[in-house]
Structure formats: structure tokens, C-alpha cells
Number of protein chains: 2
Amino acid sequence: MARAGLSTERLTRAGAELADEVGFDQVTVSALARQFDVKVASLYSHLKNSQDLKTKIALLALEELADRAAEALAGRAGKDALTAFANVYRDYAREHPGRYAAAQTRLDPQTARLSAGVRHAQLTRALLRGYELPENQQTHAVRLLGSVFHGYVSLEMGGGFSHSAPDTQETWSRVLDALDALLRNWPDS
Amino acid sequence: MARAGLSTERLTRAGAELADEVGFDQVTVSALARQFDVKVASLYSHLKNSQDLKTKIALLALEELADRAAEALAGRAGKDALTAFANVYRDYAREHPGRYAAAQTRLDPQTARLSAGVRHAQLTRALLRGYELPENQQTHAVRLLGSVFHGYVSLEMGGGFSHSAPDTQETWSRVLDALDALLRNWPDS
DNA sequence: TGCAGTTGCCTAACCCTTTTAGGCAACTTA
DNA sequence: TAAGTTGCCTAAAAGGGTTAGGCAACTGCA
């Protein structure tokens, strides 16, 4: 019988697509085997286990996000950079909800250190160069920005905003205005 | 044989405790049955299914959170209120990680409308009364605050901050300072 | 107090997912 | 083309989710 041509790489990509289609928590080794028209046990030559698959999808998503973020920051500064950077996260979550969900899963410390998560922090720091924040406030600002972007996107995707009136695009603009104002006028001590 | 005295109420509470102990996604009908020393099928007289259990835990968590938030806001205004309110979320997540995770699960629109989620929005609006924001900016500010609180707490709990240097308590204070400054100085248009 | 009706937990059964062990066929290389 | 390796297979066990149907333990009413 002909071989299906599986590989960790292909399985991870297919898993990511599947996540976007049916939700990250619906991604199972079984579902993936079905996609390739292959028996479940066959995947275990390429994946340690189910958790391994999810971790690999998460790492893929973090890479993609960091790539987009780096691209968005190139040649921009100040509010222009802030907007572009923030939109990367929001757009990615909309285009790839499953991957975005994957990117939020908790990684064990070792995996995290090797992941693109580190690049995200560096990129956020780069974004702050356009604002004149005291050195000792940088980390706080990085964390605040991360919180707002992640929080906003996950509430919006989770339907948390869909019950009240003004549309979310308007709010998103105001939030970016507010963050820009805040960074230009960061309170001391 | 003696009856175990199950009820939807007791199962939900036990499920919430279990979530805090072993993680929300480890909460299964089987695990719950084991806790009560009862056969799995027996729970199905009290729960529609596994999803139903999770939804009930989520609703419980939302109620508890709203209760605490209301309590925290009583008699406070301005930054005092902001701090107390924000700490409710952070402390709840630390004390009850499983319940907090439950509170983030997506509810279907009908359930959401009947949930305490609505109270959370109202309470956040009440918090804003201490700041003089134009009426048409209120919803935007509500959403921003929700994003920051949720985003910060979930990143902190997920270990997202644990790799970099300054401790998170310091950042949390700076974030609250920043939000306070922002609300007192909200950019127009 | 005793019986009828209801409720609560049970057994049995089925399906799906995860994971391991061991086998044969299809590729690769010399 | 034979030897070695790799890839997908079958088989099997364990655990979770869910439904159907049964008997025992409670309830309330005569």
C-alpha cells in the first residue's frame, strides 16, 4: 500500500489548519489521522503524544506571529508602529483563531525559552524606542502592552464585546489612541 | 445502598473545587463521580452532559467574581476604587485558578445574557463614575479596562511574565498608576 | 402504618480518543 | 538485487462520554 508521506512538519501544519477550522481544543490525533486517511497509531512515529502535537502547533503560531510583528515594525515608529504592531495580533487572531488559541497555551519553561515568545518581548521593546520611557519603566510598559493586546483580542474573539453597542473597530481605535497618549505621557513613580 | 445525595448544586461546587485543584480542563464527569464515590452514569440525572457541567462552573465563577467586585467598589471612588476593583480579579485568579479559567470559557449568547457577565460591565461603568469621561467614551474605557485586567491576569498566571526581571507586583502597581493617569487624562477624538 | 408513585443510583452497553507493542511492506543504499 | 531501515499497519488496553433500562430507597398520602 502506498505511503501517505507523513512528517512532523506536515502534521503540525495540518494540525494548525484544523485548529483554525474546528477550534484548537478539537484538534486530536484521531482527527488528524482521519485527514490523512491513515490509522491513528501511525502518527505516533512522528509525534510523541497528543500534547506534543499541541505544543508544536503553539510554537508554529508563535513563530508566525513574531514574523508578522517584525515585518510590521520595520520602518515604523511612534504611533504608526504601535498601530501596526497591535493590528498584527488582532488580525492574526481573526484569520487564525485556532492558531491564536494555540499560542496562548502554557509552555513548560524550557520550551518557552526556546520559543518565539522571547522575540515578542524584544519586538515590544523595540516598539517602545519610539517613545521616551525611562529605562526602569520599560518592562512595565511591555507587560502593559502585552496585557492590552492579548486581553482585548481574546475578549473580542470570545464574544465578550458583542453584546454592547458601539462596534469594536471604533473601540480598537480609541484604545490605540489611549495607549499612544499613555506612552507619551507615562506617569513617574 | 445509601444514596450519595447528589444535586446539580453540589456537583457544580465540587467541580469548581476540583478545577482549582487540578485545572479546569481536568474537570471531567468521571473525576467528579470518583469524588462522590458514585458511578459515572449517576451524574447524568443532574447534568445534561460534560459541557453542561463546565458551563455551570463558569456561571458560578462569574457570580462569585461579580459579588467580590461589587463589594470592592462599595464606598470607594477614583484610584482607590480602580485598585480595589482590579485586585479583585487578580486575587480571585490566584486563589481560584480553575474557577478563573472557567470564567473565560465562551458561553453561548443566551447563557451569556443571563450570566453575571452583564454585572461585570455595569460595575466597570460604575467605577468610571469617579473619572470624568465623556459619555461616548465610556464603553471604550470599559473595554480597555476589561482587556487590561483580563490580559494581565491571564498572562501572569500563564507564566508569561515569569522569565523577565522585575517582579510582577511592581508592574501591577505601575499598570494601575498608568490606567489611573490615563482615565484622568483621556485623549479626545 | 403501609402502599403507590417518584426519584436516585445502578448495571450494561456503545462509541471515541489515547497510547503501546509488534509485524510486514515499501522504500533506500550499496 | 539483497540488506537494512523506515512507515504505516493490526491488535489491544485503558479511560472518558453518553444512553437505556432496572431496582432500591425515599416521598406523600390514605
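For clarity, every value in this text was computed on a predicted model and none was experimentally measured. Per chain, numbering begins at 1; letters A, B, ... match sequence-line order.
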Could you tell me whether B:Glu64 and B:Arg68 make a salt bridge, using a distance below 4.0 angstrom between a side-chain N and a carboxylate O? no
A:Arg94 with A:Asp91: basic N within carboxylate O range, under 4.0 Å: no
Distance check needed: [N] [atom2] versus [X] [atom1], whole Å only.
X: A:Asp52; N: C:dT18; atom1: CG; atom2: C1'; value: 14 Å
X: B:Tyr44; N: C:dA12; atom1: OH; atom2: P; value: 19 Å
X: A:Asp37; N: D:dG7; atom1: CG; atom2: P; value: 19 Å
X: A:Lys39; N: D:dT10; atom1: NZ; atom2: P; value: 5 Å
X: B:Gln35; N: D:dG16; atom1: CD; atom2: C1'; value: 16 Å
X: A:Leu11; N: D:dC8; atom1: CG; atom2: P; value: 9 Å
X: B:Lys48; N: D:dG17; atom1: NZ; atom2: C1'; value: 15 Å
X: B:Asn49; N: C:dC14; atom1: CG; atom2: P; value: 22 Å

Do A:Asp180 and A:Tyr131 meet the criterion of a side-chain donor-acceptor pair at a distance under 3.5 Å? yes
Residue pair A:Arg143 / A:Gln138, side-chain donor-acceptor N/O under 3.5 Å: no
Ignoring backbone atoms, establish whether [X] has a side-chain N or O less than 4.0 Å from OP1 or OP2 of [N].
X: B:Ser45; N: C:dT7; value: no
X: B:Thr28; N: D:dG15; value: no
X: A:Ser42; N: D:dC9; value: yes

Which part of the nucleic acid, if any, lies within reach of B:Ala31 when heavy atoms closer than 4.0 Å are counted: base, sugar-phosphate only, or nothing? nothing
Name the nucleic acid region contacted by B:Leu43, choosing base, sugar-phosphate or nothing; use a 4.0 angstrom heavy-atom cut-off, strictly under. nothing
Side chain of [X]: nearest nucleotide among [options]?
X: A:His46; options: C:dT18, C:dC10, D:dC8; value: D:dC8
X: B:Ser50; options: D:dG16, D:dC8, D:dT18; value: D:dT18
X: A:Leu6; options: D:dG17, D:dC8, C:dT20; value: D:dC8
X: A:Ala41; options: D:dT10, D:dG17, D:dC8; value: D:dT10

Determine the interplanar angle of the B:Tyr89 and B:His120 rings, folded into 0 to 90°, and report it as parallel if under 30°, tilted if 30 to 60°, perpendicular if over 60°. tilted
